[in-house]
Protein chains: 2
Amino acid sequence: MATADPGRPGFALPLLLLAGFRTLIDGLHAELAAQGHPELRPLHGFVLQAVGVEGTTATELGQRLGVSKQAAGKTVDRLVALGYLERADDPRDARRRLVRMTARGRDGLTRSAVVFDTLRDRWATTLGPERVAAIEDDLRTVAAADLFRLDVPGWFGT
Amino acid sequence: MATADPGRPGFALPLLLLAGFRTLIDGLHAELAAQGHPELRPLHGFVLQAVGVEGTTATELGQRLGVSKQAAGKTVDRLVALGYLERADDPRDARRRLVRMTARGRDGLTRSAVVFDTLRDRWATTLGPERVAAIEDDLRTVAAADLFRLDVPGWFGT
DNA sequence: CCACGTTCGACAACCACGTTTACTATCTGG
DNA sequence: CCAGATAGTAAACGTGGTTGTCGAACGTGG
């Protein structure tokens, strides 16, 4: 670990949290690639999740993800091009363009859920189930203490 | 938390890890901005860390961070423009361009370490010191079990 | 001692993801 | 019925990444 400063305890915690997150995401996408979804990027999982089974609109998606509606729209464009999402007109409001998952999108999301469960099981095997649960509880506690908000995504830069 | 699927336990863990990482980084940069370093981005901390007090070169920096030498070079350009790094010729090898921290760079890195320590203390106040230590231990255990490697940075996209 | 292969840095083209600003089309309430 | 709010799109830009190419400088073998 070339970049961590062993002398300052505070440096380790963010590094470890990032590393933990990363390994789950990397594991997910390695497995997804093997299961027929090589084009799915880390970000896309969040987006599919946020679109949900009922569908949504670009503006609402942006709010859910914490990014501008323009950014959300561009990401939807890419996912449409990849075949994970599709757009449709809203019969009740000609301004809105509904965004829905395709069958491929649903397949990717379902597989993501299964793989995440599997990866969590693997952690539970290594650490013991109660330790994994304790990590989750602790992080939720910190979240509840308003040390951070849990609505999450929407950084990845700038 | 609009984006998490409460029905699938596996989804929560990566989200919580990311949220934990994010809050530390956000807290760091909020504080750094207040202490005279508003231009420092999350990535920059890793880069300064990787440059180290002895300095390095763009190619070596790229290796440490897990990115191409070109990407490392561009990031160095930005940090030079911001006054955190400086370049110098290597008297022993005219091909190489040494990258070193300026006084400002050292100041930013030092303050980062202090702020990270403070944030960790705040977690310890909320959770109890032994719980924070337990999280770190567990994540290190998972790392050691080769469920992930700890050399970390070098994703943030693509 | 010199030619050849390797390495370093730079440059260019490109992509993903985000921003702000600006514009059009549509809906809605007084 | 029109003023104002809202949905989507477009353009310009910033940041962080990628490949590919290239010239200059290094080091080594013949």
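Values in this document were obtained by computation on a predicted structure and should not be read as measured data. Chain A is the first sequence line, chain B the second, and so forth, proteins listed ahead of strands; every chain is numbered from 1.
- Proximity of A/T75 to the phosphate of C/dA16: no side-chain N or O atom is located under 4.0 Å from OP1 or OP2.
- A donor-acceptor distance shorter than 3.5 angstrom exists from the side chain of A/S112 to the backbone of A/G108, with no hydrogens or angles considered.
- The main-chain N or O of B/V53 is never found under 3.5 Å from a side-chain atom of B/R100 such that the two would form a donor-acceptor pair.
- The nearest whole Å value for the distance from the NE2 atom in A/H29 to the P atom in C/dA16 is 15 Å.
- Judged by distance alone, the side chain of B/H29 and the main-chain N or O of B/D26 form no donor-acceptor pair under 3.5 Å.
- In this structure, A/A94 reaches the sugar-phosphate backbone alone: every heavy-atom distance under 4.0 Å involves primed, P, OP1 or OP2 atoms, never a base.
- For the atom pair B/L48 CG and B/L85 CG, the distance stands at 5.5 Å (nearest 0.5 Å).
- Considering only side-chain N and O atoms, B/R41 lies nowhere under 4.0 angstrom from the phosphate OP1 or OP2 of D/dT15.
- In this entry the distance linking CG of B/L40 with P of D/dT15 reads 13 Å, nearest Å.
- Not a single donor-acceptor pair under 3.5 Å links the side chain of B/T56 to the backbone N or O of B/G52.
- Between A/P91 and A/A71, the one whose closest nucleotide on DNA chain C sits nearer the 5' end is A/A71.
- Between the side chain of B/Q70 and the base of D/dG16, no donor-acceptor pair under 3.5 Å is found.
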Report summary line: Expected string for nucleotides 2-9 of chain C under the B/S/- scheme (protein heavy atoms, under 4.0 Å, primed atoms plus P, OP1, OP2 as sugar-phosphate) is -----BBB

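- A straight line from NZ of A/K74 to C1' of C/dT19 spans 8 Å, rounded to a whole angstrom.
- One can place CG of A/L43 at 18 Å from P of C/dC15, the figure rounded to the nearest angstrom.
- For the pair B/D90 CG and D/dG27 P, the interatomic distance rounds to 10 Å; values are reported in whole Å.
- Applying the salt bridge (Lys or Arg N to Asp or Glu O under 4.0 Å) test to B/D93 and every residue at least two apart in sequence or in another chain returns B/R95.
- The partner of C/dC2 is D/dG29, by the rule that a Watson-Crick or G-U pair needs both atom distances under 3.5 Å.
- With A/R64 contributing its side chain and A/A50 its backbone, the two residues share a donor-acceptor pair below 3.5 Å.
- One finds a side-chain N or O of B/H44 lying less than 4.0 angstrom from the OP1 or OP2 phosphate oxygen of D/dG16.
- Rounded to whole Å, atom P of C/dT26 lies 18 Å from atom CZ of A/R92.
- Atom CG of B/L61 and atom P of D/dG17 are 10 Å apart (whole Å).
- For B/Y84 and D/dT15, the OH to P distance is 14 Å, given to the nearest whole Å.
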